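This structure is a prediction, so every number in the text was calculated from the model and none was measured.
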Amino acid sequence: MKISELFKVEGYGVVVTGGASGLGLAYAEALAQNGARVTILDIDPQGIERETQRLKASGYSVRGEVVDVRDSGAIDSAFDSALRAHERLDVVFSNAGIDSGPGFLGGWVGAQRSRNLAGALESYTNERWNRVIETNLNSTFATLRAGARLMRPQKSGRMIVTTSVAAYQCEPAIGSAYMAAKAGAAHLMRCVALELAADGITVNAIAPGFFVTNIGGGHAKQPQVQAAMGSTIPAHRVGFPQDIKGLALFLASPASAYVTGQQITIDGGWTLGAAD
């Protein structure tokens with residue numbers, strides 16, 4: 001088999017949660033542009049309409065459904081609809097997530113970051129904590145469960161979870177619920193990978209560093225924020241959704257058939273330390 005054949009996903013049935021923007025949209029584009037049939041699930045109806053129409057206009061097979069991933073019943077129903085539409089389910093991206101609000105430090109970089117009382121542990125409400133855990137962790141459980149229900153009988157499949165470098169290092173500029181949720185999602189991924197390996201299903205995670213998306217109110221889109229963060233990253237720049245497409249295609253394709261239970265960091269070297 002030619003190496004290029006290992007990355008073929010033509011005809012695959014794919015579901016992406018949180019797929020109407022950011023990294024989820026990049027996953028959807030990467031698979032659709034290589035011939036897969038993709039269902040985008042998102043809570044944003046305008047985003048779904050805009051992006052599905054844009055991709056369809058380019059000749060890609062993409063459909064969308066409005067789903068709040070905190071509703072596990074809605075996830076199950078959307079997966080069943082996707083299976084009927086695509087007549088198969090090969091790849092699941094559990095990607096939906098939210099920012100957890102301010103952390104206990106008031107900035108991302110710099111030696112003089114001030115303490116932020118609004119992000120202190122004592123200021124954390126149950127409502128704020130639970131919203132992040134429900135959206136970023138519980139929805140991952142429900143999404144992986146829905147995927148396993150449909151993939152285990154067919155003895156094949158790929159499931160990919162979006163975690164974060166915050167799964168293994170503390171990011172004091174964002175709330176601690178985010179770290180807890182992403183670390184939990186990473187270990188859940190490993191547990192599910194162990195359970196499903198004998199069924200021909202691989203389960204892995206992509207751990208992005210600082211990427212420019214809409215999360216957190218889109219602060220990462222500000223040029224001054226990108227410049228400041230880029231100065232701390234060995235690659236001398238922040239990440240963009242386009243940067244993640246190759247890894248997404250690899251983990252969704254036959255090329256990754258013997259890779260499971262792994263969390264792959266993609267961060268331009270940020271977590272390696274300072275190089276300049």
Asp199 vs Met151, test: side chain to side chain contact (heavy atoms under 4.5 Å, CB included). Steps then yes/no. CA-CA 9 Å; Asp199 293 297; Met151 288 177 168; over 6 Å; no

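- Criterion: ILVMFWY side-chain heavy atoms under 4.5 Å apart, direct or through other members. Under it, Leu196 and Val14 are not part of a common hydrophobic cluster.
- No more than 12 heavy atoms of other residues, nucleotides or ligands sit less than 6.0 Å from atom CZ of Arg131.
- Gln224 CD: more than 12 foreign heavy atoms inside a 6.0 Å radius.
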List the steps, then state whether side chain to side chain contact (heavy atoms under 4.5 Å, CB included) holds for Val203 with Arg158. CA-CA 6 Å; Val203 189; Arg158 303 276 185 272; over 6 Å; no

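- Ring orientation note: the planes of Trp129 and Tyr124 are nearly perpendicular, at an angle over 60° on the 30°/60° scale.
- Val69 has its side chain out of reach of Leu41: every pair of non-hydrogen atoms, C-beta onward, lies at least 4.5 Å apart.
- Residues Pro241 and Leu23 share a closest heavy-atom pair of CA-CD2, 4.1 Å.
- A 6.0 Å sphere centred on CZ of Arg149 holds more than 12 heavy atoms belonging to other residues, nucleotides or ligands.
- We find that Asp90 and Arg37 are not joined by a salt bridge, their nearest charged nitrogen and carboxylate oxygen being 4.0 Å or further apart.
- No side-chain donor-acceptor contact under 3.5 Å links Asp243 to the backbone of Gly239.
- From Ser256, atom OG reaches atom CZ of Phe7 across 8.5 Å, with rounding to the nearest 0.5 Å.
- Thr271 contributes no side-chain N or O that, together with a main-chain N or O of Asp267, makes up a donor-acceptor pair within less than 3.5 Å.
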Intermediate values then yes/no, side chain to side chain donor-acceptor pair (under 3.5 Å), Tyr27 and Thr162: CA-CA 10 Å; Tyr27 299 151; Thr162 302; 3.1 Å; yes

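- Counted by atom type alone, Ser253 and Tyr12 present zero donor-acceptor pairs between their side chains at under 3.5 Å.
- With hydrogens and angles disregarded, a donor-acceptor distance shorter than 3.5 Å links the side chain of Ser139 to the backbone of Thr135.
- When side chains are defined from C-beta on, Val91 does not count as touching Val15, because their heavy atoms never get closer than 4.5 Å.
- One finds the OG1 atom of Thr17 at 13.0 Å from the CD atom of Glu65 (value rounded to the nearest 0.5 Å).
- Between Ile98 and Tyr178 there is no side-chain heavy-atom pair separated by less than 4.5 Å.
- The pair Lys56-Glu51 does not meet the salt-bridge criterion, since no charged nitrogen lies less than 4.0 angstrom from a carboxylate oxygen.
- A donor-acceptor pair under 3.5 Å is formed between the side chain of Asn116 and the backbone N or O of Gly103.
- Residues Val109 and Ala228 come closest through the heavy atom pair CG2-CB, 3.7 Å.
- No side-chain heavy atom of Val92 sits less than 4.5 Å from a side-chain heavy atom of Leu144.
- When each of Asn95, Leu251, Val161 is tested with Ile206 by the rule side chain to side chain contact (heavy atoms under 4.5 Å, CB included), just one qualifies, namely Leu251.
- Tracing side-chain contacts under 4.5 Å through hydrophobic residues (I, L, V, M, F, W, Y), one reaches Ile75 starting from Leu188; they form part of the same cluster.
- When all heavy atoms are compared, the tightest approach of Ala183 to Ala167 is CB-O, 3.4 Å.
- Between the side chain of Gln154 and the backbone N or O of Leu89, at least one donor-acceptor pair lies under 3.5 Å.
- Put simply, the side chain of Val16 does not reach to within 4.5 Å of the side chain of Thr39, judged on heavy atoms.
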Begin from the C-alpha positions of Tyr168 and Thr265 and carry the test side chain to side chain donor-acceptor pair (under 3.5 Å) through to its verdict. CA-CA 10 Å; Tyr168 59 86; Thr265 295; 2.8 Å; yes

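- Scanning both residues, Ala118 and Arg128, for their nearest heavy atoms gives O-NH1, 3.7 Å.
- Counting heavy-atom neighbours within 6.0 Å of Lys245 NZ, excluding the residue itself, gives a total above 12.
- Heavy-atom contacts from other residues, nucleotides or ligands closer than 6.0 Å to CG of Leu117 number 12 or fewer.
- With rounding to the nearest 0.5 angstrom, the CG atom of Asn34 is 9.0 Å from the CD atom of Glu10.
- Relative ring orientation between Trp270 and Trp108 is described as tilted, the plane-to-plane angle lying within the 30° to 60° band.
- Between Glu171 and Gln169, the side chains place a donor N or O and an acceptor N or O closer than 3.5 Å (distance only, hydrogens not considered).
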I'd like to know whether Arg63 forms a side chain to side chain contact (heavy atoms under 4.5 Å, CB included) with Ser81, so could you lay out the CA-CA distance, the side-chain angles of the two residues, the decisive distance to 0.1 Å, and finally the verdict. CA-CA 11 Å; Arg63 59 185 294 275; Ser81 295; 4.0 Å; yes

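- Clustering ILVMFWY residues whenever any of their side-chain heavy atoms sit less than 4.5 angstrom apart, transitively, puts Ile174 in a cluster other than the one holding Leu121.
- If you take CG on Asp276 and OG on Ser231, they are separated by 9.5 Å, rounding to the nearest 0.5 Å.
- Note that the OG atom of Ser100 and the CE atom of Met179 stand 6.0 Å from one another [nearest 0.5 Å].
- In this structure, the side chains of Phe210 and Val238 come closer than 4.5 Å at one or more pairs of heavy atoms.
- For Arg113 (side chain) and Gly107 (main-chain N/O), a donor-acceptor pair under 3.5 Å exists by modelled atom type.
- Between Phe211 and Ile266, some side-chain heavy-atom pair lies under the 4.5 Å cut-off.
- Within a 6.0 Å radius of CD in Glu5, other residues, nucleotides and ligands contribute more than 12 heavy atoms.
- Contact check for Ile264 versus Leu247: side-chain heavy atoms found under the 4.5 Å cut-off.
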List the steps and the verdict of side chain to side chain contact (heavy atoms under 4.5 Å, CB included) for Arg54 and Leu25. CA-CA 12 Å; Arg54 178 179 64 85; Leu25 181 57; 3.9 Å; yes

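- No path of Ile, Leu, Val, Met, Phe, Trp and Tyr side chains, each step under 4.5 Å between heavy atoms, connects Leu31 with Leu150, placing them in separate hydrophobic clusters.
- Here NZ of Lys221 is found 3.5 Å from CG of Asn214. Values are rounded to the nearest 0.5 Å.
- Hydrophobic clustering of Ile, Leu, Val, Met, Phe, Trp and Tyr side chains at less than 4.5 Å, counting indirect connections, unites Phe93 with Ile244.
- Checked against Thr163 for a side-chain hydrogen bond (donor to acceptor under 3.5 Å, both in side chains), the options Lys182, Gln263, His187 give a single hit: Gln263.
- Closest approach of Glu29 and Leu55 over heavy atoms only: CG-CD2, 3.9 Å.
- Scanning all heavy atoms of the two residues, the minimum distance from Ala78 to Val67 falls at CB-CG2, 3.8 Å.
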